[in-house]
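To start, the structure under review is shown below, and the notes come after it.
Each residue takes its place number in the sequence, starting with 1. Just so you know, these numbers come straight off a predicted model, no measurement behind them. In each ligand, atom 1 is the first atom listed, and ligand 1 is the first ligand listed.
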Amino acid sequence: MQNNDPTYNPLEDIDQIIVTEAAIQARLIELGKEINEAYEERDVAVIAIINGAIIFVADLIRQLNISMKLDCIRIANYRDEKSMQKPEIIDKIRLDLKGLDVLIIDDILDSGRTLSHVTEIFKTMQPASLKTCVLLDKKTTRSVDFEADFVGFRIPDEFVVGYGLDFAERYRQLPCIGVLRPELQNPPEWS
Ligand code: IMP
Ligand code: MG
């Protein structure tokens with residue numbers, strides 16, 4: 001990547017496209033229908049886990065014709081002394097979830113730690129129900145037992161970027177999801 005190159009196109013940094021823009025757009029419509037049917041006549045609190053879910057949530061909620069409120073939480077992942085990933089909520093939600101049907105949305109389900117941590121915390125807020133939706137599911141990488149209720153695509157165990165997913169906060173703007181060229185996966189100038 002060239003910071004000052006006017007011809008720079010982030011798509012050129014992608015080695016392999018895993019989910020095309022057209023496939024994402026088509027799946028959004030189907031997912032929207034699934035969610036509309038699941039929450040007919042309910043009052044839903046959609047909670048986006050940012051930054052990763054920003055693009056997905058923005059597009060998905062425009063497919064929803066249910067009564068809903070939107071809020072966001074921000075998670076940081078720390079490594080503990082045993083190098084275990086420890087998610088922590090660093091920006092809290094403002095909504096009172098009591099009595100609401102809560103739908104938590106994230107970009108990707110990988111180890112499962114983020115969503116299992118967030119759902120455990122939200123359960124204590126007495127929502128009427130609690131479900132989760134992810135754009136991507138890396139089924140083979142789970143370290144805690146967790147499944148999402150709504151899944152966009154199941155993908156192989158590759159580090160992917162685009163459509164909200166980042167590498168060092170970059171590539172979120174790509175309209176598709178893909179794997180970076182190998183030489184870009186750990187460039188020292190980006191850390
Ligand atoms: P978890 O491992 O299920 O807790 O997922 C934690 C977070 O890791 C996700 O919300 C993503 O932000 C990030 N993540 C996991 N896999 C990928 C990937 O392939 N690309 C970009 N971010 C990822
Ligand atoms: Mg991320």
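With a heavy-atom cut-off of 4.0 Å, T114 touches ligand 1 through backbone and side chain alike. At a heavy-atom distance under 4.0 Å, only side-chain atoms of D107, from C-beta outward, approach ligand 1. Here I75 has no heavy atoms under 4.0 Å from ligand 1, in either its backbone or its side chain.
In the model, D101 has a side-chain atom that pairs as donor or acceptor with a side-chain atom of S129 under 3.5 Å.
Taking a 6.0 Å sphere around CG of D145, one finds it holds 12 or fewer heavy atoms contributed by other residues, nucleotides or ligands.
Where the criterion is an N or O separation shorter than 3.5 Å, residue side chain and backbone included, G112 meets it with respect to ligand 1. In terms of polar-atom proximity, defined here as any N/O pair under 3.5 Å, V160 does make such a contact with ligand 1. The N/O atoms of N77, backbone and side chain alike, include none that comes under 3.5 Å of an N/O atom in ligand 1.
Residue-ligand proximity: G52 is placed with every non-hydrogen atom at 4.0 Å or more from ligand 1.
In terms of the salt bridge (Lys or Arg N to Asp or Glu O under 4.0 Å) criterion, residue partners of E30 (sequence neighbours excluded) are, by chain and number, R27.
Nearest-residue assignment for atom 16 (N) of ligand 1 (options H117, R113, K138, E158; heavy-atom criterion): K138.
Annotation: the span from I47 atom CD1 to L130 atom CG amounts to 9.5 Å, rounded to 0.5 Å.
Checking I61, L28, D107 one by one against F56, the side chain to side chain contact (heavy atoms under 4.5 Å, CB included) holds for a single residue, L28.
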